[in-house]
Student: 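One structure is given below, represented as structure tokens, and several questions about it will come after.
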Amino acid sequence: MASKKVTIRDVAKEAGVSVATVSYVVNGRTDLKISDETRKKVLHVINLLNYSPNQAAKALASKRKNQVGFAISHTDSVLKTADQMKIMKDIAEFFGDKNYDVFLIPPARLENYGQADALICYDLDRATFLALGNCNFTPLLALDSYINDPLFFQINTNLDRLKAAANKKFLGKKYQYVMLDTSNIEKKDFTKNTFDDVLFVSQPADLQGISSSNVLISSEVLLPFIPDKCNVCYEPDITHKKMELLFAAYDNAANRVPIENHNLCC
């Protein structure tokens, strides 16, 4: 459907409802008995198919709550937990400056978060991401999660940016990229295919596995644990530009603005 204009009939067929029901939902009709589940399903399909007539855009915009969910994965790693909280703090501050509130979605709480305009899913594996999506009919944004589904915005770290910083710092000499372990298999594979030497860590003791005097770091929480003898290049995963990209993706998703490229890197 991406190659042709999506119609109200396309939305109705995909949602399994009548054309009239779609019309009632996009026009914000409250005098008719339409279940909350049906309404959210229709809005979800509208988002996935990029169906955005003027009346639909107005109806969706009028329901904005300025609430953003931040979903994280379960972890037993103190470093990973610190990273999750650091990223949430950064996002809460950035979105807070734009009058949005960010709330935490605890790990494995696969529920409907209808109070949110969109959900930011940080470093989730594909299965958990899709399971959360099945419970919600609001847009999902994959932040540093390799989901590889064109229906969803992905905002990932540009590993070429990290490589360029390391090559400049180490003058082309060999180095080891030390990063927090992740349950996202696609992310791990892509990282290992990008860098010659990668060390995944979960606990501070894992840093004993550093085997190079030159170390590339992109997670701020790892910096205090790197041995003093190492020559460190710190190129952060989260930058102001990446935050701007995330907010723009959120705004487009929440407003159901049709965008050709959902796979973003910074």
Side-chain angles (χ1 to χ4, degrees), residues 68 70-73 79-80 82-84 86-95 98 102 118-126 129 139-201 212 214-223 226 230-253 257 259-266:
V68 183
F70 182 73
I72 57 176
S73 59
L79 293 176
K80 189 69 177 178
D83 176 72
Q84 291 170 337
K86 173 66 169 60
I87 300 303
M88 181 178 177
K89 176 179 177 292
D90 291 343
I91 290 175
E93 290 179 351
F94 189 90
F95 276 66
K98 301 179 184 297
V102 178
L119 307 181
I120 296 174
C121 302
Y122 177 58
D123 192 33
L124 293 189
D125 61 88
R126 178 179 170 82
F129 180 91
L140 269 65
L141 308 175
L143 176 62
D144 287 325
S145 305
Y146 286 62
I147 304 304
N148 298 324
D149 189 324
L151 292 177
F152 301 100
F153 278 101
Q154 293 187 123
I155 303 91
N156 292 316
T157 297
N158 185 347
L159 299 187
D160 287 337
R161 170 172 63 85
L162 304 188
K163 287 184 68 174
N167 288 330
K168 181 178 180 180
K169 171 77 174 182
F170 303 130
L171 303 176
K173 295 180 181 179
K174 292 183 178 181
Y175 60 89
Q176 187 174 40
Y177 177 37
V178 180
M179 68 171 285
L180 290 169
D181 205 356
T182 174
S183 59
N184 188 299
I185 302 302
E186 293 81 5
K187 181 179 178 179
K188 290 186 74 167
D189 289 342
F190 189 76
T191 302
K192 288 188 290 187
N193 288 332
T194 301
F195 296 97
D196 294 331
D197 189 0
V198 183
L199 175 64
F200 296 99
V201 299
S212 175
N214 296 324
V215 175
L216 169 65
I217 300 290
S218 59
S219 175
E220 184 177 344
V221 300
L222 292 178
L223 283 175
I226 303 299
C230 293
N231 185 19
V232 177
C233 173
Y234 172 55
E235 181 67 18
D237 281 316
I238 300 297
T239 63
H240 185 79
K241 185 176 180 180
K242 190 173 181 180
M243 282 293 189
E244 290 180 332
L245 197 64
L246 175 64
F247 182 79
Y250 159 80
D251 201 44
N252 285 326
V257 176
I259 301 292
E260 288 295 327
N261 181 24
H262 284 193
N263 192 10
L264 310 172
C265 286
C266 184

Student: What heavy-atom pair brings Leu245 and Cys265 nearest, and what distance separates the two atoms?
Tutor: CD2-O, 4.0 Å
Student: Would Thr182 and Asp123 count as a side-chain hydrogen bond (donor to acceptor under 3.5 Å, both in side chains) if you check the C-alpha gap in whole Å, the side-chain angles of each, and the deciding distance to 0.1 Å?
Tutor: CA-CA 7 Å; Thr182 174; Asp123 192 33; 2.7 Å; yes
Student: Hey, could you give me the CG/CD distance between Leu141 and Gln154, rounded to the nearest 0.5 Å?
Tutor: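 Answer rounded to 0.5 Å: 10.5 Å.
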Student: Can you find a heavy atom in the side chain of Ile120 that is under 4.5 Å from one in the side chain of Tyr250?
Tutor: no
Student: Donor-acceptor pair, Thr194 side chain versus Lys192 backbone, under 3.5 Å?
Tutor: no
Student: Can you check whether Pro139 reaches Phe153 side chain to side chain, under 4.5 Å on heavy atoms?
Tutor: no
Student: How far does CD1 of Ile147 sit from CG of Asp125, to the nearest 0.5 angstrom?
Tutor: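 Spacing of CD1 (Ile147) from CG (Asp125) equals 7.5 Å.
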Student: State plainly whether the residues Glu186 and Arg126 are in salt-bridge range, i.e. N to O under 4.0 Å.
Tutor: no
Student: Shortest non-hydrogen contact from Phe70 to Val102?
Tutor: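 It is CB-CG1, 3.9 Å.
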Student: Kindly assign one of parallel, tilted or perpendicular to the pair Phe190 and Tyr146, based on the angle between their ring planes and the thresholds 30° and 60°.
Tutor: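 Taking Tyr146 first and then Phe190, their aromatic rings sit tilted (interplane angle of 30° to 60°).
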Student: Does a donor on one side chain sit under 3.5 Å from an acceptor on the other, for Thr157 and Lys242?
Tutor: yes
Student: A side-chain contact here means heavy atoms from C-beta on lying under 4.5 Å apart; do Arg161 and Thr239 qualify?
Tutor: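 A side-chain contact exists here, since the closest heavy-atom pair is under 4.5 Å.
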Student: Please check if the side chain of Gln84 supplies one atom and the backbone of Ser73 the other of a donor-acceptor pair under 3.5 Å.
Tutor: yes
Student: Are Ile238 and Lys86 close enough that some pair of their side-chain heavy atoms sits under 4.5 Å apart?
Tutor: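 Counting from C-beta outward, Ile238 and Lys86 never come under 4.5 Å.
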Student: Hey, what do you get for CD (Gln176) to CZ (Phe170), rounding to the nearest 0.5 Å?
Tutor: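 So the gap between those two atoms works out to 10.5 Å.
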Student: Using every non-hydrogen atom in the two residues, find where Val215 and Ser212 come nearest and quote the distance to one decimal.
Tutor: CG2-O, 3.7 Å
Student: Please assess Asn184 against Phe129 for the test side chain to side chain contact (heavy atoms under 4.5 Å, CB included), listing each intermediate value before the final yes or no.
Tutor: CA-CA 10 Å; Asn184 188 299; Phe129 180 91; over 6 Å; no
Student: Write down the atom of Lys169, the atom of Val232, and the distance for their closest heavy-atom approach.
Tutor: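 Smallest interatomic distance, heavy atoms only, reads CE-O, 3.3 Å.
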Student: Under 4.5 Å between any side-chain heavy atoms of Met243 and Asp90, yes or no?
Tutor: yes
Student: Is there a side chain to side chain contact (heavy atoms under 4.5 Å, CB included) between Val221 and Leu180 once you walk through the steps?
Tutor: CA-CA 9 Å; Val221 300; Leu180 290 169; 4.0 Å; yes
Student: So which heavy atom on Val68 is nearest to which on Phe95, and how close?
Tutor: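 In this case the closest contact between Val68 and Phe95 is CG2-CD2, 4.0 Å.
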Student: Would you give the length of the straight line joining atom SG of Cys121 to atom CG of Leu143, rounded to the nearest 0.5 angstrom?
Tutor: 9.0 Å
Student: Pairing donors with acceptors under 3.5 angstrom, does anything connect the side chains of Asp83 and Tyr122?
Tutor: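 Present: a donor and an acceptor within the cut-off.
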Student: For Tyr175 and Asn167: C-alpha separation, side-chain torsions, deciding distance, then whether side chain to side chain contact (heavy atoms under 4.5 Å, CB included) applies.
Tutor: CA-CA 9 Å; Tyr175 60 89; Asn167 288 330; 3.8 Å; yes
Student: Look at atom CG of Asn193 and say whether more than 12 heavy atoms of other residues, nucleotides or ligands are closer to it than 6.0 Å.
Tutor: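 Yes, the 6.0 Å shell around CG holds more than 12 heavy atoms from other groups.
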Student: Check whether any side-chain heavy atom of Leu246 sits under 4.5 Å from a side-chain heavy atom of Phe94, and report yes or no.
Tutor: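 Leu246 vs Phe94: side chains apart.
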Student: Please round to the nearest 0.5 Å and tell me the distance separating atom OG1 of Thr191 and atom OH of Tyr177.
Tutor: 6.0 Å
Student: Quick one: does any side-chain atom of Asp181 pair with a main-chain N or O of Val201 as donor and acceptor, under 3.5 Å?
Tutor: no
Student: Measure the CG-CG distance between Asn158 and Leu264 for me, rounded to the nearest 0.5 Å.
Tutor: 11.5 Å
Student: Taking the side chain as C-beta and beyond, is there a heavy-atom pair between Lys163 and Leu216 under 4.5 Å?
Tutor: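 No. Closest side-chain heavy atoms not under 4.5 Å.
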Student: Are the side chains of Met179 and Lys187 in touch, meaning some heavy atoms are under 4.5 Å apart?
Tutor: yes
